[in-house]
Amino acid sequence: MIKRLIAIGFIFACTAIAWGILGGTIFTRTYSSDSDLKSRVERIWGTPQAQHVPTASYTVERTEKEESLVDGKKVVTTKKVYDAYSLPLMGSDVLVKLGLDYRQKGLLWYSTYITDFAASYRFRNDTNEHRATHISFPFPAQGANYDDFKFSLRDGSWTNRPEARDGAIDGIITLDAGQEVVIDVTYKSQGLDQWRYLFGDNAPDNTANNSVTAVRDFRLVMETDFNDIDFPDDSIAPTFKERTEDGGWRLVWQYENLIAGVNIGMLMPQKLQPGPLAGQISLFAPVSLFFFIVVMLVLSIMQRIDLHPMHFFFLSAAFFAFHLLLAYLVDHLPIHAAFALASVVSLALVASYLHAVISARFALLAAAAQWVYLVLFSYAFFFKGFTGIAVTVGAVLTLFVMMQLTARTNWTEVFGKNS
């Protein structure tokens with residue numbers, strides 16, 4: 001029996017090495033092309049979008065004297081200097097609708113989305129003079145497309161018509177002292193992974209360097225068509241939220257006077273990734289095979305069935321066939337369909353082989369054990385955060401059943417056999 005266990009252990013070790021190679025191959029296939037595939041998705045669909053607030057500014061001309069030496073003589077020259085000043089943003093009313101639309105490239109799904117943006121901004125000339133005011137609205141992403149784009153004054157007319165340049169659209173309007181103006185902006189666009197709304201000069205994902213900005217009379221409503229919402233770490237939670245009839249959320253951020261050093265943001269839900277999932281299942285496979293071999297050994301001892309190491313070799317190969325099929329089926333089938341097909345093939349290999357070698361009853365018991373330790377253990381990876389507890393519960397239950405079945409077994413007699 002000892003020699004037989006050593007042979008089975010060698011088969012197990014070889015299969016585990018093969019699984020390690022397969023898992024590494026899957027991860028290499030997945031991530032070696034990720035950057036290239038993601039750049040292709042960004043070119044087609046767009047990049048993560050971060051919408052900054054618009055700005056209103058004016059310049060004041062002044063004369064500055066400058067002294068210099070020319071041929072040993074002091075020469076005084078004057079030059080014009082233009083100092084820029086900002087007008088306060090008195091109110092913001094923003095509505096953004098986010099529609100999730102996944103795209104698959106290779107073994108990865110990318111969380112792309114459609115955004116429908118509409119906003120009104122109110123600026124005030126808080127000076128005592130009329131000002132030629134420069135209004136600038138920055139685009140949320142470079143190289144993106146903006147359909148049905150509108151940038152208009154609610155009342156009044158432009159002194160200089162708005163023009164798009166340097167990642168923003170700019171226009172000039174003349175404001176009297178104390179006058180307010182409302183700018184309306186609408187567009188439809190596309191993005192990837194996340195959408196953000198940035199106050200002032202705040203930069204996403206860098207809260208340590210974010211500036212603190214005063215926000216007045218602010219309201220942003222975000223409507224999503226997806227249920228699984230999540231916010232970036234450096235973002236503000238909504239002040240109100242409710243479910244919508246289509247299964248999404250209506251989220252509201254509303255403030256009268258806010259001092260903000262962080263932003264508003266939404267992370268798009270991540271779809272179950274077939275490549276990494278298949279790789280994780282393959283690397284975990286030795287645990288499944290270990291439990292299965294233990295059960296097969298105990299069942300063979302209890303029923304006095306002589307299982308040769310070659311039998312375990314073919315059973316291990318049938319286990320490996322599941323992961324090999326899964327690794328390449330996910331290229332062509334949805335992940336659940338690939339998992340189901342690979343499971344059926346592997347179960348059929350084990351059941352038909354043991355039916356031919358031993359009996360239909362023993363084949364049925366082996367198939368049941370394989371279903372638990374291969375199929376169920378592997379399927380636990382579909383539920384993020386529950387894999388560990390599922391394997392732990394299965395291990396404890398297996399230990400309990402094996403202890404009960406072998407409680408009266410004479411192990412000295414079993415291991416004393418020269419077989």
Side-chain angles (χ1 to χ4, degrees), residues 38-62 79-92 94 96 112-125 127 131-154 156-175 181-206 209-215 218 220 234 260 263-265:
K38 188 171 184 178
S39 65
R40 288 167 57 188
V41 172
E42 290 177 344
R43 287 195 298 270
I44 296 172
W45 196 261
T47 59
Q49 294 198 348
Q51 179 63 67
H52 287 262
V53 297
T55 58
S57 62
Y58 64 92
T59 58
V60 176
E61 179 185 319
R62 62 184 175 86
K79 65 176 181 179
K80 292 182 179 180
V81 177
Y82 297 90
D83 296 323
Y85 299 90
S86 297
L87 295 182
L89 177 59
M90 304 303 298
S92 305
V94 182
V96 58
T112 55
Y113 61 88
I114 299 171
T115 177
D116 191 344
F117 183 89
S120 297
Y121 297 100
R122 179 164 47 91
F123 292 96
R124 176 187 294 170
N125 178 7
T127 71
R131 301 291 183 185
T133 305
H134 181 94
I135 307 292
S136 178
F137 180 82
F139 295 113
Q142 299 295 323
N145 295 321
Y146 301 96
D147 185 31
D148 196 21
F149 184 86
K150 295 180 181 178
F151 183 59
S152 59
L153 297 174
R154 187 165 297 181
S157 58
W158 296 100
T159 304
N160 285 32
R161 297 295 300 175
E163 295 182 1
R165 58 175 177 266
D166 298 329
I169 186 166
D170 304 316
I172 297 177
I173 184 175
T174 301
L175 295 179
V181 63
V182 176
I183 308 296
D184 294 317
V185 184
T186 61
Y187 64 79
K188 296 178 182 179
S189 188
Q190 301 169 156
L192 173 70
D193 289 341
Q194 59 179 284
W195 184 89
R196 288 177 179 265
Y197 189 88
L198 309 182
F199 298 116
D201 296 326
N202 288 355
D205 297 323
N206 192 13
N209 295 325
N210 280 358
S211 61
V212 175
T213 304
V215 180
F218 177 84
L220 185 148
D234 60 333
N263 308 300
I264 293 173

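Among all heavy-atom pairs drawn from A119 and V94, the shortest one is CB-CG2, 3.9 Å. Scanning all heavy atoms of the two residues, the minimum distance from N145 to S189 falls at O-OG, 2.8 Å. Of all non-hydrogen atoms in P54 and P138, the two that sit nearest each other are CA-CD, 4.0 Å. The two residues P140 and Y146 come nearest to each other via the heavy atoms CD-OH, 3.3 Å.
One distance of note links CZ of F137 with OG1 of T55; it measures 10.5 Å at 0.5 Å rounding. Considering CG of D166 and CD of Q142, their distance stands at 8.5 Å, rounded to 0.5 Å. Remark: I135 CD1 to Y121 OH distance equals 12.5 Å, nearest 0.5 Å. L220 contributes atom CG, which lies 9.0 Å from atom OG of S92 (distance to the nearest 0.5 angstrom). How far CE of M90 is from CZ of R124: 4.0 Å, rounded to the nearest 0.5 Å. Note that the CG atom of L198 and the NE2 atom of H52 stand 4.5 Å from one another [nearest 0.5 Å].
Residues Y187 and Q51 have side chains that bring a donor and an acceptor to within less than 3.5 angstrom of each other. There is no side-chain donor-acceptor pair under 3.5 Å between Q190 and T115. Side-chain contact, S120 with R154: a donor N or O sits under 3.5 Å from an acceptor N or O.
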For a side-chain contact (heavy atoms from CB on, under 4.5 Å) check, start with the C-alpha distance between T133 and I172, then their side-chain angles and the critical distance, and finish with the verdict.
CA-CA 5 Å; T133 305; I172 297 177; over 6 Å; no
Does the side-chain contact (heavy atoms from CB on, under 4.5 Å) test come out yes or no for T127 and Y58, once each step is laid out?
CA-CA 11 Å; T127 71; Y58 64 92; 3.4 Å; yes
Taking it one step at a time, do S86 and S57 satisfy side-chain hydrogen bond (donor to acceptor under 3.5 Å, both in side chains)?
CA-CA 4 Å; S86 297; S57 62; 5.8 Å; no
Would you check, one step at a time, whether the test side-chain contact (heavy atoms from CB on, under 4.5 Å) holds for F123 with V182?
CA-CA 6 Å; F123 292 96; V182 176; over 6 Å; no
Candidate pair H134 and D170, rule side-chain contact (heavy atoms from CB on, under 4.5 Å), full reasoning:
CA-CA 7 Å; H134 181 94; D170 304 316; 3.6 Å; yes
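Remark: side-chain polar atoms of W45 are paired, donor with acceptor, to backbone N or O of G191 under 3.5 angstrom.
Here the side chains of R131 and V60 are in contact, with some heavy-atom distance below 4.5 Å. Contact of the V181 side chain with the L153 side chain is registered, since non-hydrogen atoms from C-beta on lie closer than 4.5 Å. Residues I173 and L175 are in side-chain contact: their nearest non-hydrogen atoms beyond the backbone lie under 4.5 Å apart. For the pair T47 and L192, the minimum side-chain heavy-atom distance is 4.5 Å or more.
For F139 and F149, the ring centers sit closer than 6.0 Å to each other. Checked against the 6.0 Å centroid threshold, Y197 and F218 count as a close aromatic pair.
When the side-chain hydrogen bond (donor to acceptor under 3.5 Å, both in side chains) test is applied to R165, the partners found at least two apart in sequence or on another chain are E163.
With respect to the salt-bridge test (charged N to carboxylate O, under 4.0 angstrom), the residues R196 and D234 qualify.
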